[in-house]
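Heads up, the thing below is written out as structure tokens.
Computed from a predicted structure; not experimentally measured. When a residue number appears, it is its place in the shown sequence, counting from 1.
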Amino acid sequence: MREGILGNFRRRLLAVLKADNDLQRPSVLESLIHRHLNIVYLAEQHISMDLTHGIQEVLLIEAFSGPVSSLHLFEKPAEQLTGSATEVVCNWYIENIVKDVSGAGILFTPIHKCFKSTRPVGGYFAELVTDLRELQAFVRVFGGYGVDRLDRMMREHTAALLNCIDTSLRSNHEVLEAVAGSMHSGDRIEREACSRQNVDLDTVIGFCIEGGQALAFDQLLAEAAGVVLDEGAPLIYSLLSGVVKHIPEEISEKKEIRRIRGVANSLNIVGDHDSEWIRSILEDVGGANDGSWTLLPYLFATFMTSKIWNTTGFNVDTGGFKNNIHCLARCMNAVIAGSELVRLEREHQQRQQSLSNGHLDEALDPEIHSRLSAEASIKSAMQLFVKFATGIVLDSWSEANRSNLVAKLIFLDQLCEISPYLPRSSLEAYVPYAILRSIYSQYYSNSPSMPLALLSVSPRHSPAVSLSHTSPAVNHFYDMDSGSLRSTDNKHRNVPRSGPLDYSSSRKVKLVEGSTSGSTGRSPLPRFAVSRSGPLMYK
């Protein structure tokens, strides 16, 4: 009888994974599993039989997908089967959300922190299976095994995309060197002629956008896993959060330190999730090991010459572009930072090897090979990209492609916003703040669902570009979570307000002395920002 009950539970578990049309929503799946568990537990009270232990074994078997990569050191035995339930759900997310094989028009919406689709994916629109509530239900059902399996599948997909970038850098090495030389010399005609020789530019952009989608989804998954762990095991979560703050800031990390950082990143505890994720992928596959990767900022700068900008437009209701090109900004930031970290670590290891071979004249300076030096190198590469990308954008401006220009400027501003290595004011060195403010003012004033928020004054406050005296006082603020307007006369009177260009002192960088800032708080273009525990929370 016991085996019959457990076998029936396993069949029911696999049956409820899919609804009539497609994958069942994780929250609905969780509810159905708990309902069936209650029935089994009720039966257990009337028969002298241990069903609880058997139910836990069934759930573990269906959730197990191999050792958790950042925690377990053992290899999975070849004969050991993995959970079919986990495979079904993870494959669905990869194929339909990350890769969008059905062509449902999957878009990542930074404001709502989820993916949306222009038509249903199976039985649901994408937002009904990708918001944080649904991903938290996924984590509670499949536990750390499910999270690790989905993360590994996204890493494999992203590794293939990074390999495409590597191939483009290698095959266009001479072209990119010529582009770099023309950029530094200011030869516009030579730069344009060299850029046209890169015939696979649009293809690489597509790969980078897809990589940005994977980054966005993995951070949402990590944020959901962190919330579930904090709720189920707050002491472990608190301990891990405290340990991460004291990890040595070294270029060449020990394996134990790297594992801790990996665990923390899988729970969205590490500050820069995207760069650490790309760095770990490149280390695993041995990527970014060619000198061509130093030309990465120039390759990304040539993206500004692509025709893809002719078919995009900024949407204030989602905080992104209609063709997902805002995911390109995430990919650029993460790939530049991750590849620089990998490159510097390899150089450090080579110097150590040279030192061990008796070359004492190449003794290592700990200050040079610290994390701070790596961040300075990343910042330099990012600023190089912003400088040349802005130059290409402004050089190509004309009355015929003004809308094209606007999309590119908003894109570059968003890149400066999401990157922890760039001050938000980086773009103002090339584009006056008054222009950016005018662009955002037009977009937000034409949006019925978004108020024309107070746009902060320039981070480099001066009478020439300061528009603070023209900012109208408003009596409402926009609730980003509910998507509604609320009066400041209620209990939220003291909630700070901001616009899409918030350069206040509470932002990610400390501005230069003498600058002033507008109101603080969340921006309409937010940062991209993601016992009883186990594969399933048993209640």
Side-chain angles (χ1 to χ4, degrees), residues 22-23 25-27 65 69 86-118 121-122 124-139 141-142 144 146-162 206-228 262 265-268 270 272-278 280-281 318-321 323-335 338 418 526-530:
D22 213 330
L23 182 75
R25 293 175 61 184
S27 59
S65 58
S69 55
T86 300
E87 290 292 327
V88 168
V89 177
C90 291
N91 281 322
W92 188 93
Y93 272 109
I94 292 295
E95 296 296 321
N96 292 279
I97 302 299
V98 178
K99 295 183 179 180
D100 190 19
V101 294
S102 61
I106 301 294
L107 296 174
F108 175 65
T109 58
I111 284 182
H112 305 101
K113 297 180 72 174
C114 69
F115 286 83
K116 294 191 175 185
S117 58
T118 55
V121 183
Y124 305 100
F125 284 95
E127 56 266 34
L128 297 179
V129 291
T130 61
D131 64 10
L132 286 176
R133 176 176 172 269
E134 295 297 327
L135 292 179
Q136 288 171 22
F138 168 84
V139 176
V141 171
F142 297 101
V147 172
D148 185 68
R149 177 57 181 156
L150 187 51
D151 177 77
R152 277 188 283 127
M153 294 176 72
M154 284 191 289
R155 291 168 69 91
E156 292 171 0
H157 174 62
T158 306
L161 298 175
L162 291 173
F207 290 146
C208 290
I209 292 175
E210 200 169 330
Q213 289 179 242
L215 284 165
F217 188 80
D218 192 78
Q219 184 168 19
L220 290 178
L221 179 65
E223 184 175 345
V227 171
V228 173
N265 203 41
S266 67
L267 299 170
N268 202 36
V270 175
D272 186 10
H273 167 275
D274 292 358
S275 300
E276 288 295 333
W277 199 61
I278 292 295
S280 64
I281 294 175
T318 64
F321 293 83
N323 62 352
N324 249 351
I325 206 167
H326 51 282
C327 291
L328 177 62
R330 286 190 80 139
C331 182
M332 285 179 172
N333 171 70
V335 172
I418 67 174
R527 287 179 59 83
F528 286 114
V530 59

List the atom of [X], the atom of [Y], and the distance in Å for their closest heavy-atom pair.
X: G105; Y: D100; value: N-OD2, 3.3 Å
X: F217; Y: M154; value: CD2-SD, 3.2 Å
X: A126; Y: S117; value: N-OG, 3.0 Å
X: E210; Y: V98; value: CG-O, 4.0 Å

[atom1] of [X] to [atom2] of [Y]: how many Å apart, nearest 0.5 Å?
X: L107; Y: T118; atom1: CG; atom2: OG1; value: 7.0 Å
X: T318; Y: I111; atom1: OG1; atom2: CD1; value: 6.5 Å
X: Q136; Y: R133; atom1: CD; atom2: CZ; value: 9.5 Å
X: I106; Y: K99; atom1: CD1; atom2: NZ; value: 14.0 Å
X: L150; Y: C90; atom1: CG; atom2: SG; value: 4.5 Å
X: N91; Y: R149; atom1: CG; atom2: CZ; value: 7.0 Å

Using side-chain heavy atoms (C-beta onward) and a distance below 4.5 Å, is [X] in contact with [Y]?
X: L215; Y: I278; answer: yes
X: S280; Y: R155; answer: yes
X: I209; Y: C331; answer: no
X: Q213; Y: H157; answer: no
X: K113; Y: D131; answer: no
X: L135; Y: P26; answer: no

Candidate pair N265 and D272, rule side-chain contact (heavy atoms from CB on, under 4.5 Å), full reasoning = CA-CA 8 Å; N265 203 41; D272 186 10; over 6 Å; no
Check the pair L132, V227 against side-chain contact (heavy atoms from CB on, under 4.5 Å), reporting the backbone distance first and the verdict last.
-> CA-CA 9 Å; L132 286 176; V227 171; over 6 Å; no
[X] side chain vs [Y] backbone, donor-acceptor pair below 3.5 Å:
X: R25; Y: L128; value: yes
X: T109; Y: C114; value: yes
X: N96; Y: W92; value: yes

For L220 and F108, what are the C-alpha separation, side-chain angles and deciding distance, and is it a side-chain contact (heavy atoms from CB on, under 4.5 Å)?
-> CA-CA 11 Å; L220 290 178; F108 175 65; 4.0 Å; yes
Let me know which of L221, T86, T130 forms a side-chain contact (heavy atoms from CB on, under 4.5 Å) with F138.
-> L221
Go through N268 and Q219 one step at a time and tell me if the side-chain contact (heavy atoms from CB on, under 4.5 Å) criterion holds.
-> CA-CA 7 Å; N268 202 36; Q219 184 168 19; 3.4 Å; yes
